[in-house]
Amino acid sequence: MQGSAALSGLNDTQRGAVLHSEGPLLVLAGAGSGKTRVITHRIAHLVRELQVAPWQILAVTFSNKAASEMRHRVGELLGAQAADLWLGTFHRTGLRMLRSFGQHGGLASGFTIYDRDDQKKMLKRAMAALNISDQRLKPKVVANFIDRAKNQLKGPDAVTSRDPTSALCAQVYSRYEADMKIAGAVDFGDLLMRPVQILQAEPTLMQMWSGRFKYILVDEFQDTNHAQMQLLQLLSSEHRNLCVVGDDDQSIYSWRGADVSNILDFPKRFEGARVVKLERNYRSTAQILAASGAIVSQNASRHAKTLWTDQKDGSPVHLHGSNTDLDEARWVVGRIGEARVAEPLSEMAIFYRTNSQSRVLEDALRSARIPYVVIGGLRFYDRAEVKDGLGYLKLVVNPDDTAAWLRVVNTPRRGIGKKLVERVADFAAIKQISMPEAARQLSVVKESFRGQKHLKAFTELMAQMRADVATKSADTAGVMILRHSGLIDALSQDPSIEAESRLDNLNQLVSALTDYTENHADTSLGGYLEQVSLVTDIDKLDKTVDAVSLMTMHAAKGLEFNQTFVCGLERNLMPHGNIDDEAGIEEERRLLYVAMTRARKRMYLTYARRRQRFNEVLTQTISPFLAAIPRDAMVRTGQQHQGWGAPVRGPSSRKQAWARAAQKEQKTNPPRTSEEVAIQRGPVGPFLPGSRARHVSFGEGEVLAREGHGKLARVTIRFHRVGVKKVLARFLQAL
DNA sequence: TCTAGATTCATTTTT
DNA sequence: TGAATCTAGA
């Protein structure tokens with residue numbers, strides 16, 4: 001067994017965790033200590049050496065990104081056998097279980113999953129029905145309330161309402177649940193809460209499912225919430241082989257209900273649990289470890305631990321101050337320009353606290369013609385036209401899908417306006433039926449009303465589609481539905497530039513459908529929709545593309561790069577401005593810690609004295625967190641901003657000050673000449689900024705930016721004939 | 001019912 | 001700032 005693949009390349013502690021066979025196991029794994037390695041090798045060991053059937057192993061991760069990464073790595077160790085593992089996010093696991101036994105909880109067999117948007121629609125409807133104005137109570141507040149409740153495994157009857165707001169929320173919650181049931185839909189919270197509730201209520205099912213998984217492994221355990229913990233406890237109750245891996249210092253999702261005590265109290269909750277600590281860091285240099293460790297050690301509530309490494313020689317961490325956010329961006333881009341001589345761009349990343357910070361950085365990268373990819377920026381499936389298209393598909397699959405019906409009933413315009421929709425809503429409320437069903441019934445009632453014809457036409461259109469695609473696979477069905485929906489016609493007739501790109505997006509939806517049909521055993525439309533509803537992003541970071549990665553600090557978790565830039569380290573941004581309690585501050589510290597521990601070789605921390613936000617310019621001071629970093633681990637460059645004065649008062653004077661500073665910067669940092677730009681332009685993959693390409697219908701142009709990967713890649717191009725447009729990479733030919 | 005123009009609103013993080 | 005929602009007038 002010594003020489004087996006499952007054990008190779010592990011240190012003693014890691015090997016101990018991999019070889020631990022029976023009983024609960026907690027692996028406290030510091031950043032970069034090889035925790036994913038422990039999980040993947042442990043799975044390989046179980047299958048290869050202990051002859052555990054892959055389907056008896058459940059491996060859960062927190063995000064899609066982590067799941068696909070793990071699938072990939074297990075695949076390398078196990079080959080084809082990896083396909084039979086239950087490996088996925090908590091939500092996907094919950095969904096798989098509900099598909100199997102959801103009817104025990106009164107779920108319709110073909111239930112639909114509602115995303116945040118659909119949920120909001122339903123909440124608005126519920127509130128309207130209860131005569132609660134959305135001024136008094138924001139749907140978003142209710143959505144958060146319901147999410148929190150479900151994470152706590154509390155149904156509408158179980159929530160306690162101490163104040164008037166939560167009493168209202170509880171009222172809406174009740175109504176919302178009823179409406180969701182009629183619509184045959186569940187939300188994200190249900191995917192966790194319902195399996196737990198059903199298992200608790202059904203001893204037979206409980207026996208079956210707890211017997212099924214001999215081994216359970218959980219990654220990023222510090223980010224689990226109550227419902228997830230409960231699910232794990234139920235599923236592991238028979239075999240008790242629950243192995244959880246996590247780092248309390250990297251808990252950054254408490255706002256989503258994550259409960260750090262799950263990891264802190266694990267040994268108490270699971271008697272006889274073995275605890276393994278991984279403290280050797282294989283990722284970063286000593287300087288990076290010292291700096292990041294200094295930050296997180298400021299926190300009072302944590303397990304004391306010290307990461308160590310034997311990578312003694314490294315360059316010090318840099319802290320660079322700029323006058324403005326523009327300068328900061330330019331400085332970062334300048335460093336990237338220098339570094340790319342020796343380091344591929346794919347090994348560099350820029351992290352920031354809020355998504356809105358990416359804009360200045362993107363602008364600077366674009367003007368320096370450095371290719372970049374924004375991770376988790378705008379999402380394909382969030383685009384309006386894509387949602388419209390999906391709306392039709394959903395309504396075909398689930399005829400009671402109220403949210404989908406609301407979305408597509410008048411898109412494209414077919415004379416079914418607000419008045420008519422309200423009428424349908426009222427009828428649905430009285431009859432206790434879904435809105436699509438109400439529309440069907442109304443369209444054939446005797447006493448005619450204005451717009452009934454339109455309603456009837458739409459109802460018949462949907463019925464026709466349903467009949468047409470009943471036996472078809474997802475791709476064929478999708479194409480038929482989109483064609484008959486009128487979406488494509490409406491967009492084709494629209495001469496605007498945006499319409500063109502929307503049409504592209506619909507084409508892209510079709511290729512996603514084709515892709516799905518080719519690669520999945522379940523080729524049904526329902527299967528596709530299910531998959532789509534849980535994929536929120538392009539999951540995998542594609543390092544084969546030579547481009548700098550930009551992402552939020554949250555999105556950075558679990559990734560690593562040779563060189564990183566952590567930007568915007570100012571008070572009110574890091575820690576973020578609307579955090580007021582100590583627990584929140586500690587979480588912000590952990591977030592910074594996560595961001596800082598992503599770097600292997602070089603790390604640059606940056607801040608700017610003035611930062612533009614909305615239409616005002618904020619004068620900021622350096623993040624108080626940074627004071628903790630020992631001097632010998634860090635080099636300071638740029639503006640020192642000692643004794644920064646009081647903020648300049650009044651928006652207009654701020655603006656002038658900012659403009660003056662920007663002007664001054666222009667002089668000291670003149671724009672690059674075209675020669676410099678040309679030198680910087682290295683060998684880059686297809687359709688990266690600076691290259692030229694030809695589009696099927698727009699002709700030739702110059703690539704400005706690129707986003708997304710693979711089939712979903714989109715490219716912004718300045719065409720010679722038609723100006724700047726965003727198009728699909730698939731429709732381009734490199735020149 | 002539809003459209004364009006006005007107005008408001010929120011920007012922390014996401015399955 | 002820019003997206004989302006609202007409103008007035010056609």
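Throughout, a chain's letter reflects where its sequence line sits, starting with A, and its residues are numbered from 1.
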Item to check | Proximity to the side chain of A:N410 - top-ranked nucleotide from B:dT15, B:dT14, B:dC2 | outcome: B:dC2
To the nearest angstrom, how far is [X] atom [atom1] from [N] atom [atom2]?
X      : N      : atom1 : atom2 : result
A:I252 : B:dT13 : CD1   : C1'   : 8 Å
A:D117 : C:dT5  : CG    : C1'   : 13 Å
A:F221 : B:dT15 : CZ    : P     : 20 Å
A:K65  : B:dT14 : NZ    : P     : 9 Å
A:E422 : B:dT1  : CD    : C1'   : 14 Å
A:I416 : B:dC2  : CD1   : P     : 9 Å
A:Q357 : B:dT13 : CD    : P     : 10 Å
A:K418 : B:dT1  : NZ    : P     : 11 Å

Next on the checklist: Counting the atoms with a prime plus P, OP1 and OP2 as sugar-phosphate, which does A:F62 contact under 4.0 Å by heavy atoms, base, sugar-phosphate, or nothing?
Outcome noted: sugar-phosphate
Checklist entry - Across the strands shown, which category fits A:K557 at heavy-atom distances under 4.0 angstrom: base, sugar-phosphate, nothing? => result nothing
Checklist entry - What do you reckon, do A:W255 and the base of B:dT13 stack, with centroid distance below 5.5 Å and planes below 30°? => result yes
Item to check | A:K394: which of A:D117, A:D118, A:D401 passes salt bridge (charged side-chain N to carboxylate O under 4.0 Å, His left out) | outcome: A:D118
Checklist entry - With nearest nucleotides of DNA chain B determined for A:G451 and A:T552 from heavy-atom distances, which residue corresponds to the more 5′ nucleotide? => result A:G451
Checklist outcome for this item: Closest to the 5' end of DNA chain B, once A:H91 and A:T354 are matched to their nearest nucleotides, is A:T354
Checklist entry - Does A:K120 or A:R359 map to a spot on DNA chain C nearer the 5' end, using the closest nucleotide for each? => result A:R359
Would you please confirm or rule out a distance under 4.0 Å between OP1 or OP2 of [N] and any side-chain N or O of [X]?
X      : N      : answer
A:N355 : B:dT13 : yes
A:R413 : B:dT3  : yes
A:N64  : B:dT14 : no

Next on the checklist: Would A:D187 and A:Y176 count as a side chain to side chain donor-acceptor pair (under 3.5 Å) here? Give the steps.
Outcome noted: CA-CA 11 Å; A:D187 59 26; A:Y176 164 80; 2.7 Å; yes
Checklist entry - Would you say A:M229 and A:Q233 make side-chain contact, with heavy atoms under 4.5 Å? => result yes
Item to check | cation_pi(A:R423, A:F449) dist<6.0 Å, angle<=45 | outcome: yes
Checklist entry - Hey, what's the ring geometry for A:F145 with A:Y173, parallel, tilted or perpendicular (30° and 60° as the breaks)? => result perpendicular
